[in-house]
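Just follow the structure's listing: the first ligand is 1, and inside any ligand the first atom is 1. Positions are given from 1, in the same order as the sequence printed here.
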Amino acid sequence: SYTIDNQSVVTPMLTQMQATNIGQTIVDFSAFANRYYTTNNGVNASNWLKQKWTSIASGRSDITVEQFTHAGWAQKSVILTIKGSDNSAEVVVLGAHLDSINTKGTTETTKAPGADDDASGIASLTEILRVMVANNYKPRRTIKLMGYSAEEVGLRGSQDIAKSYKAANTNVVGVMQLDMTNYKGSPQDIYLYTDYTNAAQNQFVANLITTYQPSLTIGYDKCGYGCSDHASWNAQGYAASMPFETAFNQDNPYIHTENDTFANSGGQANHSLKFARLGLSFAVELGSDGP
Ligand SMILES: N[C@H](Cc1ccc(I)cc1)C(=O)NO
Ligand SMILES: [Zn+2]
Ligand SMILES: [Zn+2]
């Protein structure tokens, strides 16, 4: 249910989340020349993420990290699973995409650092994981963190995954997409996108912001098309939400170029921290519900 009733668990964890950790992961993950879905760099970036999440989760027998193989291309998606205790059939998904692109054409050595798009989302998920493990948080539902391959070439990684979950009849109760979280280009802090998402869940997400981050302001906007991986889950009938860094016409002008760098997002991750905190509150409030 969308009841917000885990403040005693969530609030202490939010205070432990740090922009400096998110910034470091953005720097590390945007150091690959590119993370394009068909290059060796792109394959290496997926393996790097698997290793990173595996080491953070080491010591937790209820956490596994796997790579999802896509038939048509080499770069795999990365899926971390925290198995729920007594309500594990119900699944909460938080996602970001691990690939990057340079619209001039992306060969093995083309620069596409993708610091904002979407290392910022991957880094936000990584900080959520770190703090959940540091607090030995154990959800009742299953929580999955997903790094999608091939988002930039038509949401192809998340489409494969969402279709396979639907085919398996997996009961995904909610999905949050974090794509571009660190470029503060608009007046409001967090923009909730209302197309290709679920209205009831969007209201819950807004309530999470007012409850746990009351100083933040909320905006609403539309993409007008399936602008990120939330649309893949929505297409399969699952409830998805996308909190985004800016209003539609004020998004990061550097994306899909060699200039999408951490420095060009301000050289700090204070904007991403808002999204990481929102993601953690989403994961714990939904993840703590029993059968
Ligand atoms: N299409 C999206 C970028 C994108 C998404 C939403 C908005 I508003 C502006 C731009 C993309 O490139 N995702 O990787
Ligand atoms: Zn993009
Ligand atoms: Zn993106």
Side-chain angles (χ1 to χ4, degrees), residues 22 25-26 29-30 32 34-39 42 45-46 49 73 75 77-78 94-106 110-126 145-159 161-162 175-197 202 205 218-235 240-262 264-265 271-272 275-276 279:
I22 299 169
T25 303
I26 292 173
F29 205 48
S30 57
F32 292 96
N34 63 72
R35 301 189 301 276
Y36 193 56
Y37 80 121
T38 60
T39 65
S46 174
L49 185 63
W73 63 93
Q75 186 186 60
S77 297
V78 178
L94 289 86
H97 67 86
L98 56 77
D99 65 315
S100 74
I101 195 170
N102 186 318
T103 41
K104 284 188 273 185
T106 317
T110 310
K111 289 272 193 265
D116 191 36
D117 187 14
D118 183 27
S120 69
I122 292 292
S124 300
L125 294 182
T126 302
L145 305 185
M146 299 192 178
Y148 306 116
S149 169
E151 185 275 348
E152 300 286 10
V153 287
L155 319 181
R156 293 171 60 186
S158 58
Q159 181 177 278
I161 294 168
V175 183
M176 175 173 281
Q177 175 70 352
L178 296 178
D179 185 1
M180 298 165 60
T181 65
N182 203 34
Y183 181 83
K184 176 77 166 68
S186 296
Q188 316 305 339
D189 291 300
I190 296 179
Y191 288 78
L192 301 181
Y193 276 68
T194 57
D195 52 350
Y196 302 89
T197 59
N202 290 342
V205 172
I218 303 170
Y220 294 87
D221 212 334
K222 292 178 189 278
C223 284
Y225 67 102
C227 59
S228 195
D229 297 301
H230 57 289
S232 293
W233 293 98
N234 180 67
S241 295
M242 186 179 74
F244 192 78
E245 64 187 12
T246 64
F248 185 74
N249 55 6
Q250 296 180 305
D251 75 301
N252 185 339
Y254 299 106
I255 64 167
H256 306 169
T257 76
E258 60 277 13
N259 301 311
D260 180 4
T261 60
F262 185 53
N264 282 340
S265 307
H271 203 44
S272 284
F275 294 83

Asker: As an exercise, identify every atom of ligand 1 less than 4.0 angstrom from a heavy atom of His256.
Answerer: 11 (C), 12 (O)

Asker: Suppose we measure from atom 7 (C) of ligand 1 to each protein heavy atom; which comes out shortest, and what is that distance?
Answerer: Phe244 CZ, 3.4 Å

Asker: I'd like to know if the side chain of Ser30 and the backbone of Gly114 have a donor-acceptor N/O pair within less than 3.5 Å.
Answerer: no

Asker: Looking only at distances, please establish whether an N/O atom of ligand 1 is found under 3.5 Å from an N/O atom of Tyr193.
Answerer: no

Asker: Do Ser232 and Ile161 come close enough that some side-chain heavy atom pair is under 4.5 Å?
Answerer: no

Asker: Here's a test for you: under side chain to side chain donor-acceptor pair (under 3.5 Å), which of Asn102, Thr106, Asp117 qualifies with His256?
Answerer: Asp117

Asker: Report the protein N/O/S neighbours of the Zn ion (ligand 3) that fall below 2.8 Å; do not count waters.
Answerer: His97 NE2, Asp117 OD1, Asp179 OD1, Asp179 OD2

Asker: If you count every heavy atom of other residues, nucleotides or ligands that lies below 6.0 Å from Tyr254 atom OH, does the total exceed 12?
Answerer: no

Asker: For atom 2 (C) of ligand 1, what is the closest protein heavy atom, and at what distance to 0.1 Å?
Answerer: Cys227 O, 3.2 Å

Asker: Starting from atom 4 (C) of ligand 1, locate the nearest protein heavy atom and write down its residue, its atom name and how far away it is, to 0.1 Å.
Answerer: Met180 SD, 4.0 Å

Asker: Is it the side chain (CB and beyond), the backbone, both or neither of Tyr191 that lies under 4.0 Å from ligand 1, heavy atoms counted?
Answerer: neither

Asker: Going by the atom numbers of ligand 1, which of them fall below 4.0 Å from some non-hydrogen atom of Asp117?
Answerer: 11 (C), 12 (O), 13 (N), 14 (O)

Asker: To check your reading of the model: name the closest protein heavy atom to atom 14 (O) of ligand 1, its residue, and the distance in Å.
Answerer: Glu151 OE1, 2.7 Å

Asker: Supply the atom-to-atom distance Glu152 CD to Ser228 OG, rounded to the nearest 0.5 angstrom.
Answerer: 8.0 Å

Asker: Just heavy atoms, cut-off under 4.0 Å: does Thr246 contact ligand 1 by side chain, backbone, both, or neither?
Answerer: neither

Asker: Please answer whether the main-chain N or O of Gln188 pairs with a side-chain N or O of Ser186 as donor and acceptor at a distance below 3.5 Å.
Answerer: no

Asker: Go through ligand 1 atom by atom and flag the ones less than 4.0 Å from a non-hydrogen atom of Glu152.
Answerer: 11 (C), 12 (O), 13 (N), 14 (O)

Asker: Atoms of ligand 1 less than 4.0 Å from Cys223 heavy atoms?
Answerer: 6 (C)

Asker: Mark yes or no for whether Tyr193, through its side chain, and Phe248, through its backbone, hold a donor-acceptor pair below 3.5 Å.
Answerer: yes

Asker: Any chance NZ of Lys111 has more than 12 other-residue heavy atoms, nucleotides or ligands included, within less than 6.0 Å?
Answerer: no

Asker: Looking at every heavy atom in both Asn234 and Ala240, which two are closest together, and how far apart are they?
Answerer: N-CB, 4.4 Å

Asker: Are Gln75 and Leu98 close enough that some pair of their side-chain heavy atoms sits under 4.5 Å apart?
Answerer: yes

Asker: Tell me which N, O or S atom from His256 is the closest to the Zn ion (ligand 2).
Answerer: NE2

Asker: Judged by atom type as modelled, is there a donor-acceptor pair below 3.5 Å linking the side chain of Arg35 to the main-chain atoms of Pro113?
Answerer: yes

Asker: Check whether any side-chain heavy atom of Tyr148 sits under 4.5 Å from a side-chain heavy atom of Asp99, and report yes or no.
Answerer: no

Asker: For ligand 1, find out whether one of its N or O atoms is nearer than 3.5 Å to an N or O atom of Asp179.
Answerer: yes

Asker: To the nearest 0.5 Å, how far apart are CG in Asp116 and CG in Asp118?
Answerer: 7.5 Å

Asker: Give me the nearest non-hydrogen protein atom to atom 1 (N) of ligand 1 as residue plus atom name, then the distance to 0.1 Å.
Answerer: Tyr225 OH, 3.0 Å

Asker: For ligand 1, which part of Ser228 has a heavy atom less than 4.0 Å away: the side chain, the backbone, both, or neither?
Answerer: neither

Asker: Considering only protein heavy atoms, which is closest to atom 10 (C) of ligand 1, and at what distance to one decimal place?
Answerer: Asp251 OD2, 3.5 Å

Asker: Taking Ser120 for its side chain and Thr181 for its backbone only, find out whether a donor-acceptor pair lies under 3.5 Å.
Answerer: yes

